[in-house]
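Encoded as C-alpha cells, the structure appears first; notes follow it.
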Amino acid sequence: MVFFKPVSPQPNHREIEPRILRFWEEGRHFYRLIEKNQGNEKFRFLDGPITANGPMGVHHAWGRTYKDLFQRYKAMLGFDQRFQNGFDCQGLWVEVEVEKELGFKSKKDIEKFGIARFVEKCKERVMRFSRIQTRQSILIGQWMDWENSYYTMSEENNYSIWFFLKKCHERGLIYEGTDVMPWCARCGTAISDMEIATEGYRELTHPSVFLRFPVIGKEREYLLVWTTTPWTLTSNTAAAVHPELVYVRAKKDGDVYILAKELLRVLGAGAEVIEEFLGSRLAGLRYQGPFDELAPQAGVEHRVVLWKDVSASEGTGIVHIAPGCGKEDFLLGKEEGLAVIAPLNDDGTFKPEFGWLAEKYALDVTRVIFDDLEKKGLLYRVEDYTHRYPVCWRCGEELVFRLVDEWFIAMDPLREEIMASAQQVRWIPEFGLERELDWLRNMGDWCISKKRYWGLALPIFRCGCGWFDVVGSKEELQKRAVEGWERFEGHSPHRPWVDEVKIACERCGNTVPRIKDVGNPWLDAGIVPFSTTYYLTNRDYWRAWFPFDFITESFPGQFRNWFYAILAMSTVLEKCAPFRTVLGYATMKAEDGREMHKSWGNAIEVEEAVDKMGADTMRWVFARHNPTQNLLFGFKVGEEVKRKILTFWNVYSFFITYANIDGVNPVALKVKKEDLNRLDRWILSRLNSLVKLARERLDDYDAASVALAVETFVDDLSTWYVRRSRRRFWKSDNDQDKAGAYWTLWTALVTTVKLLAPFMPFISEEMYQNLVRSCDPDAPDSVHLCFYPEPDLEFIDEKLENEMKVVRGLVSLGHAAREKARIKVRQPLARMFVRLKPPLEQAVLEPYLDVIKDELNLREVFFSSGEPPRDCVTEEEDRLAVGLDTSITPELEAEGLVRELVRRIQTLRKSAGYDVADRIVLFCSGTPRVQKAIELFKDYLRQETLAVEIAFQPLKEADIESEVNVNREPVRLALRRVKPNG
RNA sequence: GGGCCCUUAGCUCAGGUGGUAGAGCACUGUGCUGAUAACGCAGGGGCCAGUGGUUCGAGUCCACUAGGGCCCA
C-alpha cells in the first residue's frame, strides 16, 4: 500500500503557495488556531501601523516576516494572541498623493475643491491601499486577523488622542508657541524636527552672497557679511560676531571692511590690514540695513551683537541675523531683544507690505535681490555654495524657515519619566536603548499641529481673548457645544465637519471655534497601544492586553518616531513603557549595495519577489539574516537560499520515493531504541540539539541563529545521514534495521518541518500534509495547528556527535588520499591505516569502522599509533593522519569492474524509463575477464540492478541494448523488464 | 563637534563566556549517476582594516587611527 503522494524533484512555489493559501482559506486554519489557543496564557504583540498610502515594498516584507514568524511560533506554543494588523491613515503623506492624483498645486486648490470632498478622497485612498497591502501580506504568508485590522483614522483612535491631549493639558503641558520652523511652502505646513532629520536633507548648490553693511557714522566703512539665503536679508535686524574671535579693519580699493582675521582671504588680493581687535569691541556698533527702504524695516535699529556660535570656518565671521527667518536667529533675537520681522506668507511668498517683493516666492528672488544690492552698492561678490539643505520629506520642495504659531507639548517635565520608561524595555539589539535615550535627552518640545486638512482634528478651542481649552472626548464636546453640533453629528471627527462645533469661552463667554490645525501623525501611531485595546471603553480588555510583550520595526527613524511616540504617550497615560521587548532591524538595500530605486532598475516589488523566488524563499532570506546589519536583497541571494531549501526537499523526496516502494507507514512502525543504529542515534541527537537551540533562540527573538542552525542540520542530514544510510532503504529485506532507518528519517523530516513552520509556512505545510496527514488521520490537519517540537534530551548525545565529527574528518582525509592517488571511490581498496590524534583511543572509533569502510570503499581499516607503511598514499591534518594502500589485486579489480558495470546498467534502466523498483532480466557479455568478474560478484550485481536473471545469451525482445567500454573492456548489455505477475 | 554600529577569502556573510580562521556563491579539479534540469569530494584563495596595549595566548577584551554607515548638535 502506498501512503504518500509522489513528490516532484523540485518544489514549485508557484504551484504550492497559491494551493496552500486556498487550503487555509477553505479550512479556516487561522481562525481555528485562534480558537484553539483562546483562554491560554497570552502573547501580546503590537503591530506598528504601516502607512496605507501605496503598495508595500519588499522592505516591509522583511519586518512582516519577523512579525509573522514570532506570532506563529508563539501560537504553536499555545499562546493566546490577537493577531491584529494596523494601518496608518492620516497625515500629509496621504494628502500629497491625493493632491498629485487630482493635479493640485497648492492648498488653494484643495480649498476650492472643498475640504469635505478632499478628505473623502484621502479616506478612499487609504482604504484602497489597505486592501492592496492586505492582499500582499497574505501572499507572503502572513497570518493576521485581516477582518479586524485597526485604522488610525478610526473614531476610537482619534478620540483616544483627544483623551491623551486633555491629560497633557491638565498637566499644563500644552501651549501655543511662536517659533521659527522649517516650512514647506508647497504643502503650506511646518515640518517638525522628527520629520526633517529622518530623510529631510539634500546636497544642494545655491548662489551665496558677500555683501556690505555700511557702518553708521563712518565714511566708506562696512561690515562684510555672507549669506546663502538672500531672501532673508529683507528681514535683517542684526549682525553677530564672536566675542573672542580676532577681527580686522582692512582697506581695499579705498573702502574699509570689518571681518574676521582668519577669513581675510575673502577680500581677495590687495587688502591691507589697518587694525586688529577682538569681536567683543564691535558690540553695539550700528549699521545701515540692506533693505531699510521696505516698510517692515521702518524704525528698526540694526546693531552688532555678540554670539558664541559664530564660526570662523566659512563666510566672513560676521553673521547676518534675521530673527524671523531662522531658528537660531530667533533664539538669539529673543535673548538680545531684537526686532522680529516675519516676511513670508504660508505659501512662501512675501507679504504685501514688502513692496516690490510682495507676492514673489522667497526662493525665486535671489537674482532680483542681487540686482537690487548691486544697484545700492552693497553687493561685494557672489559665489556658488554647496551644502546640505533641508527639503520637504514628502514632496521634496526646498524648505524655508518661517515664523509661525504652532501648538506644542512641553517635553521637559516628561523627559525623565519617558527615559525611565525606555529603560524598562528590553532593546534588541542593546544599543537601541542608548539611541533612544540619546534622542530623549535632546528632544525639543513636541510640535503637534499642522496647518493641513486630513488628520486628527486637534481638540483645541482658542478664544480671541487668549483663553484656550482642550476637549477630551466626543461626549464632552457635545456637552459643551453651543453651536453646530447638529451639523457635525454623524460624521467622523475630521475636518471640515468637526469645525462646525463651537464652544463657549470660559473667560469672556464668546463663541469659540476649534483651531484649524490637524495633528502630527505620530500622535495617531503613538496612541495605538491604548486605542486598539479599548483603553477608554473596556478597561478589562485593556488590562488583559497591556503592556505588549513584543514589537518589531525597522530601527532607522523609529527612535524619534514610533518608539518615541508610544513611549511618550504611554508615559503620560500610565507612567510605563507600553512594550517589554523591541526587536529592531536595519535597512534593506538592493543587491548592488545601493538604495532600491525604481528608476535605477534595482527595486523589487513584493509580487515580483513572490512570483520569481517564492514567499518562503524570501522569508528565509530575511529570517537567516542578522537583523542589526543592512540587508542586500535580490535574486542572487534568493537563488542561493533556494538551493538550501532544495537540499531539504531532496531528502524529503528521497524518503517519499522509498517509503512508497516499501509501502511503509511510519506511524505504524514498531521501532525500539535498540533497533536504531549509530547513524540513527547520531542524527536524532543532532535533531534534538537543534530543537533545543531553536526553542532557546526563538524565545530570545533570535531567528537568524535558528535558521543558520537548521541549514547546518539539513546539510548533515543530506550529506551524511542519508548518504550513509541509502543502502538501508534500497535493500529488499524488510527488517528492523530498515524500519529503524525509515522511522529515524521520517522523525527527522517531520520534526524539522514543524520547526520550520513559522519560517516557511507554505512549504512546511505542503510537506506536513504529505509526511504526516497521509498516514496519520488523527494528526492536526495543518502543521500550524501542531505543537512546536520539544527536545527529547534522552536523544542528545554530545559524545556521539563529537565522535562523528572525528569520523567525518577522517573520511575527508581518506577522500583526499584517494584524490591524490587518483583512484576513484568505485574501485575498492584493500586497506587504510589511521593514526589517531593522541588523546583519542582507537576503541572509541571501532564502532564506526563500517561507516568508514563503506564511505571510502575499503576492505579494512587499521588503527596504529605509528606512521603508516611507506608505500601508502598519506594525508594529514591536525595530527590526524591516514595512509591508503593503493595496490589493487585482481580480485579488487574485478569488484571495481562489476561496480562500474552496475553503474552502466543503472543508467540504462533510467533511459529505458523503468521504475526504480522494476525487476529485470539482464543480458551481459564481454571478454573472459568481464565474464569472470561477473561470475565472482553475481549476487552483488543482481541485487544492485534488481535482476531476477542474468543471461549470457542475447535477449529476445530487449527493451534497451547497449555496447559500452568498462575499464577498457568492451561489454554488451541488454535489459528487459519483468512483468509483475501479482 | 559628540554618540552608536560596521570593517573576516573575489562576492554575500557565520564566527556565546579569548585557545592554532569557517560557510555559501564564484573559480579549478574530480567523483557519483536508484535524490539526477540534482548531489558529493577535493583544491587554490585571508598577516580577520591599521597601530599599540592586557594576556602564556586576541578575529574575540581595551585604547587610538583610517575607511563605511547611522544618529545627535
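Since the structure is predicted, the reported quantities are computational estimates derived from the model, not experimental observations.
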Going by purine N1 to pyrimidine N3 plus the second Watson-Crick contact, or the G-U wobble pair, all under 3.5 Å, which nucleotide sits opposite [N]?
{"N": "B:G10", "answer": "B:C25"}
{"N": "B:G34", "answer": "none"}
{"N": "B:C61", "answer": "B:G53"}
{"N": "B:G1", "answer": "B:C72"}

Item to check | Closest non-hydrogen atom pair, A:Tyr585 against A:Gly63 | outcome: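 Heavy-atom minimum between the residues: OH-CA, 3.1 Å.
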Item to check | Minimum-distance pair of heavy atoms, taken over all atoms of A:Asn630 and A:Ala586 | outcome: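 Taking every non-hydrogen atom into account, OD1-CB, 3.2 Å.
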Checklist entry - Which comes earlier along RNA chain B counting from the 5' end, the contact point of A:Val637 or that of A:Gln827, where each point is its nearest nucleotide? => result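 In this pair, the answer is A:Val637.
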Item to check | Of A:Thr657 and A:Arg808, the one whose closest RNA chain B nucleotide lies more 5' | outcome: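 Its nucleotide being nearer the 5' end, the pick is A:Thr657.
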Next on the checklist: Is there, by distance only and without an angle test, a donor paired with an acceptor across the side chain of A:Arg435 and the base of B:C71 below 3.5 Å?
Outcome noted: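 No, the side chain and the base share no sub-3.5 Å donor-acceptor pair.
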Heavy atoms only, 4.0 Å cut-off, all strands: where does [X] land among base, sugar-phosphate and nothing?
{"X": "A:Thr587", "answer": "nothing"}
{"X": "A:Ser718", "answer": "base"}
{"X": "A:Ser653", "answer": "nothing"}
{"X": "A:Arg624", "answer": "nothing"}
{"X": "A:Glu434", "answer": "nothing"}
{"X": "A:Val651", "answer": "base"}

Closest to the [X] side chain, choosing from [options]:
{"X": "A:Leu646", "options": "B:U36, B:G34, B:A38", "answer": "B:A38"}
{"X": "A:Asn626", "options": "B:A26, B:A14, B:U33", "answer": "B:A14"}
{"X": "A:Asn650", "options": "B:A38, B:G40, B:G31", "answer": "B:A38"}
{"X": "A:Arg826", "options": "B:G31, B:G34, B:A37", "answer": "B:G31"}
{"X": "A:Leu946", "options": "B:G34, B:C13, B:G24", "answer": "B:G34"}
{"X": "A:Asp438", "options": "B:G2, B:A35, B:A26", "answer": "B:G2"}
{"X": "A:Asn630", "options": "B:C13, B:G69, B:G34", "answer": "B:G69"}
{"X": "A:Glu640", "options": "B:G3, B:G24, B:A26", "answer": "B:G24"}
{"X": "A:Gln629", "options": "B:C5, B:U33, B:C41", "answer": "B:C5"}

Sticking with atom [atom1], work out how far [N] lies from [M], rounded to a whole angstrom.
{"N": "B:G68", "M": "B:A49", "atom1": "C1'", "value": "11 Å"}
{"N": "B:A21", "M": "B:G59", "atom1": "P", "value": "8 Å"}
{"N": "B:G40", "M": "B:G24", "atom1": "C1'", "value": "15 Å"}
{"N": "B:G15", "M": "B:A23", "atom1": "C1'", "value": "10 Å"}
{"N": "B:G43", "M": "B:G3", "atom1": "C1'", "value": "47 Å"}
{"N": "B:U17", "M": "B:U12", "atom1": "P", "value": "25 Å"}
{"N": "B:G67", "M": "B:C62", "atom1": "P", "value": "22 Å"}
{"N": "B:U36", "M": "B:C13", "atom1": "C1'", "value": "30 Å"}

Protein-nucleotide distance ([X], atom [atom1]; [N], atom [atom2]), rounded to Å:
{"X": "A:Trp649", "N": "B:U36", "atom1": "CH2", "atom2": "P", "result": "13 Å"}
{"X": "A:His815", "N": "B:C39", "atom1": "NE2", "atom2": "C1'", "result": "13 Å"}
{"X": "A:Glu696", "N": "B:G16", "atom1": "CD", "atom2": "P", "result": "16 Å"}
{"X": "A:Glu900", "N": "B:U33", "atom1": "CD", "atom2": "P", "result": "8 Å"}
{"X": "A:Asp716", "N": "B:A23", "atom1": "CG", "atom2": "P", "result": "13 Å"}
{"X": "A:Leu631", "N": "B:A14", "atom1": "CG", "atom2": "C1'", "result": "15 Å"}
{"X": "A:Phe431", "N": "B:G2", "atom1": "CZ", "atom2": "P", "result": "21 Å"}
{"X": "A:Phe622", "N": "B:U12", "atom1": "CZ", "atom2": "P", "result": "18 Å"}

Checklist entry - Below 4.0 angstrom from OP1 or OP2 of B:C39, is there any side-chain N or O of A:Arg723? => result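 No, A:Arg723 has no side-chain N/O under 4.0 Å of OP1/OP2 on B:C39.
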Checklist entry - B:G24 phosphate, OP1 or OP2: any side-chain N/O from A:Arg643 under 4.0 angstrom? => result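 No, outside the criterion.
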Checklist entry - Looking at A:Leu717, A:Thr712, A:Val691, which one forms a side chain to side chain contact (heavy atoms under 4.5 Å, CB included) with A:Arg686? => result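 Of the listed options, the one satisfying the test is A:Thr712.
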Checklist entry - How many angstroms lie between atom CZ of A:Arg728 and atom CG of A:Asp680, to the nearest 0.5 angstrom? => result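 Reported value, rounded in 0.5 Å steps: 4.0 Å.
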Checklist entry - So does A:Glu262 have more than 12 non-hydrogen atoms from other groups sitting under 6.0 Å from CD? => result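 Incorrect, the count does not exceed 12.
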Checklist entry - Is there a donor-acceptor contact under 3.5 Å linking the side chains of A:Glu766 and A:Trp649? => result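 The criterion, which ignores hydrogens and geometry beyond distance, is not satisfied for A:Trp649 and A:Glu766.
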Next on the checklist: Keeping A:Lys853 on the side-chain end and A:Leu858 on the backbone end, is there a donor-acceptor pair under 3.5 Å?
Outcome noted: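 No: the side chain of A:Lys853 does not pair with the backbone of A:Leu858.
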Item to check | Output field: ring centroids A:Phe648/A:Tyr652 closer than 6.0 Å | outcome: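 Ring centres of A:Tyr652 and A:Phe648 not closer than 6.0 Å.
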